[in-house]
Amino acid sequence: MTDSASPPNSGVLVLCHIPDPITPGRAITHRHFRPGDQVFVLKGIARGRLWGSLMCVVAPSWHTPTDEDGWRLRDPNGGEQTYVTAHPRYLAHARGRCPDCLIYLRAMEEQVLPAAPRDADLVDCGWYTTTALGQLVHAADTRKSL
């Protein structure tokens, strides 16, 4: 897992929608995470490995797009959007050996890595958008709310 808030500077960023069949059905509860946890939000593939934004869980927050409990996250690198709210199923623990999160990451690797363009160093899979209200939304949840 490559932990970078922005893609590694290894080459040209390729935008390539690779389906994510795992995250939309992931059964992870709000209680799985706590304030202070370091988490990843997966974004794509860098040099044959998953990459994403490393963020810190700050506080409980309502996730409007799913109408469920979510978490307010802080991006330690700041940028355009320092704080976002995300659904727990979008997150994976970055530290420690959380079995649920390791299973999720391994399943994502098995499903996503083989579908990546072989000639690209850096792939943004386009799984997430951020609403005007700072809500991180998975593409599958965007379609449900339409």
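For reference, positions follow the sequence shown, starting with 1.
L136 and W62 are not part of a single hydrophobic cluster, where members link through side-chain heavy atoms under 4.5 Å apart. Linking ILVMFWY side-chain heavy atoms closer than 4.5 Å, directly or via other members, places L113 and L105 in a single hydrophobic cluster. Connection of V58 to V39 is not established within any shared hydrophobic cluster, with ILVMFWY side chains joined at heavy-atom distances below 4.5 Å, either directly or through further cluster members.
Ring geometry for H93 against H32 counts as tilted: the plane angle lies between 30° and 60°, on a 0 to 90° scale.
The shortest non-hydrogen separation linking P88 to T29 is CB-O, 3.9 Å. Closest approach of L54 to D75, counting heavy atoms only: O-OD1, 4.2 Å. When all heavy atoms of Y128 and L42 are compared, the pair lying nearest together is CE1-O, 3.2 Å. Summarising the geometry of Y104 relative to A92, their closest heavy-atom pair is CD2-CB, 4.0 Å, with the distance given to 0.1 Å. Minimum interatomic distance between R74 and Y83 (heavy atoms only, all atoms of both residues): CD-OH, 3.2 Å.
To the nearest 0.5 angstrom, L50 atom CG is 11.0 Å from R106 atom CZ. Summarising the geometry, atom NZ belonging to K43 is positioned 12.0 Å from atom SG belonging to C125; distances are rounded to the nearest 0.5 Å. Taken from CG in D37 to SG in C101, the straight-line distance is 9.0 Å, to the nearest 0.5 Å.
Under the 3.5 Å distance criterion, with hydrogens and angles disregarded, a donor-acceptor pair is assigned to the side chains of H138 and D20.
Side-chain atoms of L73 and V57, non-hydrogen and from C-beta on, do get closer than 4.5 Å to each other. Side-chain contact check for Y90 versus T66: some heavy-atom pair is nearer than 4.5 Å. Looking at heavy atoms from C-beta onward, V41 lies out of side-chain contact with W127 at the 4.5 angstrom threshold.
When R89, H63, Q135 are each tested for a side-chain hydrogen bond (donor to acceptor under 3.5 Å, both in side chains) with D141, only one passes: R89.
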